Amino acid sequence: MSLLIRGGTVVNADRAFRADVYCENGKIAAVGDNLEAPAGAEVIDAGGQYVMPGGIDPHTHMQLPFMGTVASEDFFTGTAAGLAGGTTMIIDFVIPNPQQPLMEAYRAWREWAEKSCADYSFHVAITWWDDSVHRDMGTLTREHGVNSFKHFMAYKGAIMADDEVLVNSFLRARELGAICTVHAENGELVFRLQQEIFERGITGPEGHPLSRPPEVEGEAANRAIRIAEVLGVPLYVVHTSCRQALEAITRARLEGQRVFGEVLAGHLVIDDSVYRHPDWSFAAAHVMSPPFRSKEHQDALWRGLQAGTLQTTATDHCCFCDPQKRMGIDDFRKIPNGTAGIEDRMSVLWHHGVNTGRLTPSEFVRVTSTNAAQIFNIYPRKGAVAAGSDADLVVWDPQGTRTISAKTHHQNIDFNIFEGMTVKGINSHTVSQGKVVWKDGQLDVEKGAGRYVDRPTFAPFYEALKIKAEVEAPEPVERAKAAE
Ligand code: URQ
Ligand code: ZN
Ligand code: ZN
């Protein structure tokens, strides 16, 4: 299968330039001027459009079993919706139950993901600790291409990792050359605030953000950063939603610590007024953690993205339909946490990022694709329009518009947090493994075509990293034996 994308402007993280792109056998074969296509090749006329690396969403939860139900989006429908919006790869999460062997959970998720129609990979969550977890982390890095381990500091009584688990896991990740990622909310504080608020008679979705104020996220982000600092391990903070967490990341980076920050498209454009909406289902549909914040936080997050303090954008695509959300009709603590976004992230970011002058097209590529590829060590296979890279591409029409709606989206959920938003800047085509899978508003995907993407560890570079104590610990003091 060969494809020529002619007449477009290629946009990579470093520069934008006029060039044709020729793809063959799933790879980009050439990027250059006046490329010829062999007879029978498919040709896309990209005049007036950009040709960019396909989006990478480093944070999704397809068909996640969570809070007594299972997310409604599965790996096939979710990756198809991603392709419809220009995202050509996801990094999802294997989340073992406490005491569940990591390899058992890993095999289950690998099986679920077989039906994906776009490429995928997995972070593995460390939700408990014993010698078997230590062992399985080694197996996962050495034999299964896992180079990132997730830690939920929230969700007490379920998948929360306390400091002991964090320290054990961070040390093991460092040994293995893997990066640690955290969901940074203080789970003890959330648990207690939930009780306080519920007992005060606030049972509706408006109680959710009250139980998870920004300070709760700021504390956990800083704690995780400090633990990583002392143990000498790189850290990636997922769904940074507030100024307090951003400040912790900013300080660490200013001091040269390897800390990366992720922000969700939703947290950049939606504020906490949604929780006070009179319609219960509308408010509950926005229940996710960390919650949507007040406007001051969105401004801070945009500045973090522009400054390069936040490196990636994601969606935390974790879908629960209204009947599922209504499990918490009498108690906001029981509303399954999660919202969708995989189909709209790219256009929402272009519309609110590039069209407003906050981001250049190259910066857009950086935060929707290249940075995630580099942080998770799959660049330049992913995240670049370059000869030899996977032919995962979007042809981007900066003049194209669409109005986002649950009535027309491809996501398997009955709600869209961006409902009614008209965005300018859309993918006219999506190319996955060299095949045109989206054009003229139609998907042409194949269940199971997605591949598991191995992500090598960073071990070679870790040798230079030393646990702080190793570097600064003084030599033992020689002392004369105390007299008997
Ligand atoms: O916490 C997460 O990232 C998962 C469980 C999705 N739900 C959410 O509210 N963010
Ligand atoms: Zn999370
Ligand atoms: Zn998540």
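From a predicted model like this one, the values you see are computed outputs, not experimental measurements. Counting convention: from 1, in listed order, for ligands and their atoms alike. Computation of the quantities below employed the complete heavy-atom set of this structure, encompassing side-chain atoms and omitting hydrogens, waters and symmetry-equivalent molecules.
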Extract all N/O-N/O pairs under 3.5 Å that connect ligand 1 to the protein, and present each with both atom names and the distance rounded to 0.1 Å.
| unit_1 | atom_1 | unit_2 | atom_2 | d |
| --- | --- | --- | --- | --- |
| ligand 1 | 1 (O) | Y155 | OH | 2.5 |
| ligand 1 | 1 (O) | H183 | ND1 | 3.1 |
| ligand 1 | 3 (O) | H61 | NE2 | 3.3 |
| ligand 1 | 3 (O) | D316 | OD1 | 3.3 |
| ligand 1 | 3 (O) | D316 | OD2 | 3.0 |
| ligand 1 | 7 (N) | N337 | O | 3.0 |
| ligand 1 | 9 (O) | S289 | N | 2.7 |
| ligand 1 | 10 (N) | S289 | O | 2.9 |
| ligand 1 | 10 (N) | D316 | OD2 | 2.6 |

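Taking the six-membered ring for Trp and the full ring otherwise, the centers of F76 and W112 sit at least 6.0 Å from each other.
In summary, R135 and D131 do not engage in a salt bridge, as defined by a charged side-chain N under 4.0 Å from a carboxylate O.
Checked options F149, Y236, F122; the residue passing with F376 is Y236 (criterion: ring pair (Phe, Tyr, Trp, His ring centres under 6.0 Å)). With E217 as the partner, the side-chain hydrogen bond (donor to acceptor under 3.5 Å, both in side chains) test is satisfied by one option alone out of Q244, R293, H297: R293.
Taking all atoms of both residues into account, the shortest heavy-atom contact from T77 to E73 is OG1-OE2, 2.6 Å.
A donor-acceptor contact closer than 3.5 angstrom is absent between the side chains of K156 and Q194. Checking Q298 against H267 by side-chain atom types alone, no donor-acceptor pair falls below 3.5 Å. No side-chain donor-acceptor contact under 3.5 Å links N147 and T457.
Listed by chain and number, the protein N, O or S atoms at a distance under 2.8 Å from the Zn ion (ligand 3) are H59 NE2, H61 NE2, D316 OD1.
In this structure, H208 and Y275 have tilted ring planes: the angle between them lies in the 30° to 60° band.
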